**Student:** 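Sharing a structure below in C-alpha cells format, with a few things to ask.
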There are 2 protein chains.
Amino acid sequence: MYLIGELSKQTGVKIPTIRYYEEMGLIEKPHRTSGNQRQYEKEGLERLSFIKHARDLGLSIEDIRELVDLSSSPEKSCKQAHEIAHHHLQFIKTKISKLRRLEKELKRVALLDDEGHVGKCKIIASLADHRLCKGEH
Amino acid sequence: MYLIGELSKQTGVKIPTIRYYEEMGLIEKPHRTSGNQRQYEKEGLERLSFIKHARDLGLSIEDIRELVDLSSSPEKSCKQAHEIAHHHLQFIKTKISKLRRLEKELKRVALLDDEGHVGKCKIIASLADHRLCKGEH
DNA sequence: AATAAAGCTCTAGTCATTAGAGCTTTAAGA
DNA sequence: TCTTAAAGCTCTAATGACTAGAGCTTTATT
Ligand SMILES: [Zn+2]
Ligand SMILES: [Zn+2]
Ligand SMILES: [Zn+2]
Ligand SMILES: [Zn+2]
C-alpha cells in the first residue's frame, strides 16, 4: 500500500525516524518488496499515527511502547494506560511550575538595565551570583 | 587550593561534569600537582559557580561559553549578554506556553473515565486520534 | 607497610532522533 | 531499450549534556 516516503508524508514522521521506531520495536517490521523496500498496510499507518500523536503529547518511547503493547489486547484492563496518562500529566505540571520559577528569575535578570559594558553588567553579575536571586531554580 | 572533589562539593557540580566542562573549554585547564591531580584556585571556583548558576537557569553550554568569554573583557560592550538573556527568556516563555497547551489536552485525556478495558479505553482512543483534541500541540 | 579514599584516563551509554556516505531499486521519459 | 532521477536501502556517526564503569595511580591514614 505505502512505501516509507508515503507513510512519512501521511504521518509527518521523518523517514529515518520511522526506521528508528522499527528498530526500537515500536512498529512491526513491514513486508518487503522483491527489491527489499518496506511496504506498509493501513495498520502500519494507524500505528505510526498513534505513536506520532503520543510523542506530540510528550510521552516517552517507553511509555508508548507499553501503550502499543497494551492496545493489542482489547480485553485487558486499561488501568496501566490511565496510570501512564496521569503520571505524564503530573510530569508536565511539574515541568511547567519549574519553568515558571525560572521565568520569574529570568525576567528579573533579562530586563536589567545598566551602563552597557561588561565590567558593570548587571546580567553577568546576576548570573555569577545566585544570592541575587529571589528563589530556587 | 581545592582538589576536584572539594570543588565539586562547593559548587554541586559532579566530578565527571567538571572534567567535561574542561574538555569543552568552559573552564581553564587547572594546574596539576606532581601526581597529576587537578588543583583549582579561587577563580576556578568562581567560574564554575557562574556556569552552574547559568545552567540552573537553563542556558545552553554554547550561551555560557559566550558569556564566559565575554566576562573576561570588562571594557567590552555587554550587549551580547543582554541579548542572550533576552533570547533565553523568550525561549522559556515559548516553552511554557507549549506545555500549557499540552497540559490542557492531557487533562482532558487523563481524566477520562471509562469501562476499564483496552477495547473501549477512551485514553487509548484519544491517543490514537488527534481529531479528538481541541487544539494543536 | 598496608589499606582505603580519591584521583586519573579512556571508552561507551543515555534519549530521540538526524545527517551523511555509498549503494541499489524503481519509475518515467527519450 | 536505455538512461537518468527519485526514492529506497544499510551502516556509521553526530547531536547535547552529561553519566557510568573499567582499570589504573596517587594520597592520606593507621
Ligand atoms: Zn549589561
Ligand atoms: Zn539563582
Ligand atoms: Zn481506559
Ligand atoms: Zn492531539
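Bear in mind the structure is a predicted one, so any value in this text is a computation, not a measurement. Numbers restart at 1 for each chain; the letters A, B, ... are given by sequence-line order, proteins then strands.
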**Student:** Looking at A:Arg38, does any N or O in its side chain come under 4.0 Å of the phosphate oxygens OP1/OP2 on D:dG8?
**Tutor:** no

**Student:** May I ask you to verify if any side-chain N or O of B:Thr17 is less than 4.0 angstrom from the OP1 or OP2 atom of D:dA17?
**Tutor:** no

**Student:** What is the separation between atom CD1 on B:Ile51 and atom P on D:dA17, rounded to the nearest whole Å?
**Tutor:** 12 Å

**Student:** Is A:Tyr21 near enough to C:dT17 that one of its side-chain N or O atoms lies under 4.0 angstrom from OP1 or OP2?
**Tutor:** yes

**Student:** Specify the residue among B:Asn36 and A:Lys14 whose closest nucleotide of DNA chain C lies further upstream toward the 5′ end.
**Tutor:** B:Asn36

**Student:** Mind calculating the distance between OH (A:Tyr20) and C1' (D:dA13) to the nearest angstrom?
**Tutor:** 15 Å

**Student:** How many Å lie between CG on A:Asp63 and P on C:dC15, as a whole number?
**Tutor:** 12 Å

**Student:** Counting heavy atoms from C-beta on, name the nucleotide in D:dG8, D:dA17, C:dG7 closest to the side chain of A:Gln37.
**Tutor:** D:dG8

**Student:** Between atom CD in B:Glu6 and atom P in C:dA6, what is the gap in whole Å?
**Tutor:** 11 Å

**Student:** More 5' along DNA chain D: B:Glu62 or B:Ser34, using each one's nearest nucleotide?
**Tutor:** B:Glu62

**Student:** Just checking B:His86: does its NE2 atom have more than 12 heavy atoms from other residues, nucleotides or ligands closer to it than 6.0 angstrom?
**Tutor:** no

**Student:** Any Lys/Arg nitrogen of B:Glu105 or B:Arg108 sitting under 4.0 Å from an Asp/Glu carboxylate oxygen of the other?
**Tutor:** yes

**Student:** Taking only N and O in the side chain of B:Arg19, is any of them less than 4.0 Å away from OP1 or OP2 of D:dT19?
**Tutor:** no

**Student:** State whether the side chain of A:His117 and the backbone N or O of B:Ser73 hold a donor-acceptor pair below 3.5 Å, judged by distance alone.
**Tutor:** no

**Student:** Are any of B:Thr33's side-chain N or O atoms less than 4.0 Å away from OP1 or OP2 of D:dT27?
**Tutor:** yes

**Student:** Is there a continuous path of hydrophobic side-chain contacts, each under 4.5 Å between heavy atoms, that joins A:Tyr20 to A:Leu45?
**Tutor:** yes

**Student:** Using whole Å, report how far CD of B:Glu23 lies from P of D:dT19.
**Tutor:** 15 Å

**Student:** Could you tell me how far apart B:Gln39 (CD) and D:dT27 (P) are, to the nearest whole angstrom?
**Tutor:** 10 Å

**Student:** Using only side-chain N and O atoms of A:Arg32, determine if any of them is under 4.0 Å from OP1 or OP2 of D:dT10.
**Tutor:** yes

**Student:** Measure from CG on B:Leu26 to P on D:dC18 and round the result to the nearest Å.
**Tutor:** 9 Å

**Student:** Can you list the steps and then say if A:Asp69 with A:Arg65 is a salt bridge (Lys or Arg N to Asp or Glu O under 4.0 Å)?
**Tutor:** CA-CA 6 Å; A:Asp69 287 354; A:Arg65 194 201 312 280; 5.9 Å; no

**Student:** Within this structure, what is the NZ-to-P distance between A:Lys9 and D:dG8, rounded to whole angstrom?
**Tutor:** 8 Å

